[in-house]
Amino acid sequence: MMERTLVLIKPDGVYRSLIGKIISTMEDAGLKVVGMKMVRPDKKLAEQHYIPDENWMREIGDKTKATYKDQGVSNNEEPVEIGRRVWMQLIDYLMSGPVAVMVVEGNDAIFVVRKLVGATEPRKADPGSIRGRLSSDSYALADGKHRAVKNLIHASDAPETAKREISVWFKPEELIKYSRSDESAQYD
Ligand code: ADP
Ligand code: MG
């Protein structure tokens, strides 16, 4: 099914000049960029992107605790506390530099982009994925430095979040309808 998803190259990706490589990876997989811009987010925009939702904060905490357990690192924080701390770090991370934001379209774009992006923690991300290939950060390193995990990229995780996130960054008229020259080879 044709879908649109929001992809954001975080400041570490922009500073490391990885915009081109990241876009190429998605284009090579058959996806199409239908909206794109550079933004220097302020606090308001960053907080519209990352909403402090309790369930989301708990999920982040659970994921982090599971990784700590794997690594034998002790941690007594409640998952939701970890999530709240990470949320504040994420706002600072997004505000720390320029981001490249885009809307990417294609068959099952939300799932396909998340697959290409790889797992949240770069140290663990599949070596073929964008995060696994181009970064190596870990929760332990990030937590020790009181910052968010530098994992290059954000990608929407579900149809409702994609719709919401696209509307945070783009006006409808900023999204362009066109066909790639290989669409019939891909889809017909
Ligand atoms: P994803 O970006 O893979 O969808 P999440 O939505 O779970 O991951 O988390 C949002 C972002 O929060 C991550 O991309 C990462 O930058 C940051 N993050 C998550 N967990 C931690 C943590 N324990 N410490 C620091 N940063 C974290
Ligand atoms: Mg997420």
Side-chain angles (χ1 to χ4, degrees), residues 1-53 55-57 59-60 86-118 120 122 129-131 133-135 148-188:
M1 196 191 46
M2 284 302 153
E3 272 178 347
R4 286 180 168 179
T5 187
L6 184 94
V7 174
L8 185 152
I9 301 177
K10 295 172 174 178
D12 53 322
V14 175
Y15 286 138
R16 292 185 50 209
S17 303
L18 293 172
I19 297 174
K21 257 189 198 158
I22 291 170
I23 294 178
S24 285
T25 303
M26 295 187 291
E27 286 185 329
D28 288 350
L31 298 156
K32 171 168 80 181
V33 177
V34 297
M36 177 158 73
K37 58 181 150 186
M38 297 294 301
V39 183
R40 181 75 210 226
D42 59 12
K43 197 168 172 81
K44 186 167 161 243
L45 191 54
E47 289 185 354
Q48 279 173 348
H49 179 77
Y50 285 120
I51 292 183
D53 171 74
N55 287 328
W56 175 77
M57 293 195 288
E59 272 173 39
I60 288 191
V86 169
W87 174 73
M88 288 190 279
Q89 291 167 344
L90 273 174
I91 301 297
D92 288 342
Y93 180 22
L94 268 201
M95 288 170 56
S96 72
V99 299
V101 207
M102 65 207 82
V103 175
V104 172
E105 186 181 288
N107 184 39
D108 280 343
I110 298 168
F111 177 85
V112 170
V113 169
R114 297 275 298 181
K115 177 193 68 176
L116 295 173
V117 166
T120 303
S129 66
I130 293 171
R131 285 169 172 166
R133 204 151 47 88
L134 302 174
S135 56
V149 161
K150 293 188 183 181
N151 56 9
L152 303 172
I153 186 164
H154 164 88
S156 309
D157 60 7
E160 320 78 68
T161 39
K163 192 160 174 246
R164 195 191 68 75
E165 290 170 1
I166 289 169
S167 75
V168 167
W169 296 94
F170 290 92
K171 300 191 189 99
E173 64 270 24
E174 290 175 316
L175 304 178
I176 310 298
K177 221 174 136 81
Y178 68 97
S179 297
R180 278 177 57 140
S181 62
D182 62 354
E183 281 186 16
S184 81
Q186 284 199 74
Y187 301 129
D188 290 349

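Residue numbers count from 1 along this sequence.
For the atom pair OH of Tyr50 and CD of Gln89, the computed distance is 12.0 Å after rounding to the nearest 0.5 Å. Taking CD of Glu59 as the start and CG of Asn55 as the end, the distance is 7.0 Å to the nearest 0.5 Å. If you take CD1 on Ile166 and CG on Leu6, they are separated by 6.0 Å, rounding to the nearest 0.5 Å. Note that CZ of Arg16 is 12.5 Å distant from CD1 of Ile19, once rounded to the nearest 0.5 Å. Atom OG1 of residue Thr161 and atom CH2 of residue Trp56 lie 12.0 Å apart, to the nearest 0.5 angstrom. Within the model, atoms CD1 of Ile110 and NZ of Lys163 stand 11.5 Å from one another, a figure rounded to the nearest 0.5 Å.
Between Asp182 and Arg180 there is a salt bridge, with a side-chain nitrogen of the basic residue lying less than 4.0 Å from a carboxylate oxygen of the acidic one. The pair Glu47-Lys43 meets the salt-bridge criterion, since a charged nitrogen lies less than 4.0 angstrom from a carboxylate oxygen. Contact check on Lys32 versus Glu183 returns a salt bridge, with a Lys/Arg side-chain nitrogen under 4.0 Å from an Asp/Glu carboxylate oxygen.
Here the side chains of Leu134 and Lys21 are in contact, with some heavy-atom distance below 4.5 Å. Taking the side chain as every heavy atom from C-beta outward, Val99 and Met38 never approach each other to under 4.5 Å. At least one side-chain heavy atom of Glu165 sits less than 4.5 Å from a side-chain heavy atom of His49. A 4.5 Å side-chain heavy-atom check between Leu116 and Leu31 finds at least one atom pair inside the cut-off. Residues Ile153 and Lys10 fail the side-chain proximity criterion, which asks for heavy atoms closer than 4.5 Å. Two residues are said to be in side-chain contact when any heavy atoms from C-beta on lie closer than 4.5 Å; Tyr187 and Met2 meet this criterion. Using a 4.5 Å heavy-atom threshold, the side chains of Leu8 and Trp169 count as touching. Using a 4.5 Å cut-off on side-chain heavy atoms (C-beta onward), Leu94 and His154 make no contact.
The heavy-atom pair separating Asn151 from Tyr93 by the smallest distance is N-OH, 3.4 Å. What you find for Pro41 and Gly97 is that their closest heavy atoms are CD-O, 3.7 Å. Scanning both residues, Pro122 and Ser135, for their nearest heavy atoms gives CB-OG, 3.3 Å. Shown here for Ile23 and Met102, the closest heavy-atom pair between the two residues is CG1-SD, 3.8 Å. Between Ala162 and Ser156 the shortest heavy-atom distance is CA-OG, 3.4 Å. Nearest heavy atoms, Thr120 versus Arg131: CA-NH1, 3.2 Å.
Judged purely by distance below 3.5 Å, without hydrogens or angles, the side chains of Asp28 and Ser24 never pair a donor atom with an acceptor atom. A donor atom on one side chain and an acceptor atom on the other are found under 3.5 Å apart for Arg133 and Thr25.
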Query - CA sep, side-chain torsions, deciding dist, call: Val86, Met57, side-chain contact (heavy atoms from CB on, under 4.5 Å) - result: CA-CA 8 Å; Val86 169; Met57 293 195 288; over 6 Å; no
Query raised in the report: Which is it for Leu45 and Val168 under the side-chain contact (heavy atoms from CB on, under 4.5 Å) test, yes or no, and what are the steps along the way?
Result: CA-CA 8 Å; Leu45 191 54; Val168 167; 3.8 Å; yes
Report task. Test Glu105 against Leu175 for side-chain contact (heavy atoms from CB on, under 4.5 Å), laying out the working first. Result -> CA-CA 10 Å; Glu105 186 181 288; Leu175 304 178; over 6 Å; no
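By the 6.0 Å contact criterion, NZ on Lys37 is enclosed, its count of non-hydrogen atoms from other residues, nucleotides or ligands being greater than 12. Enclosure of atom CE in Met36 is not indicated, since only 12 or fewer non-hydrogen atoms of other residues, nucleotides or ligands lie within 6.0 angstrom.
A donor-acceptor pair under 3.5 Å is formed between the side chain of Gln186 and the backbone N or O of Gly30. A distance-only check finds no donor-acceptor pair linking the side chain of Arg4 to the backbone of Val103 [under 3.5 Å].
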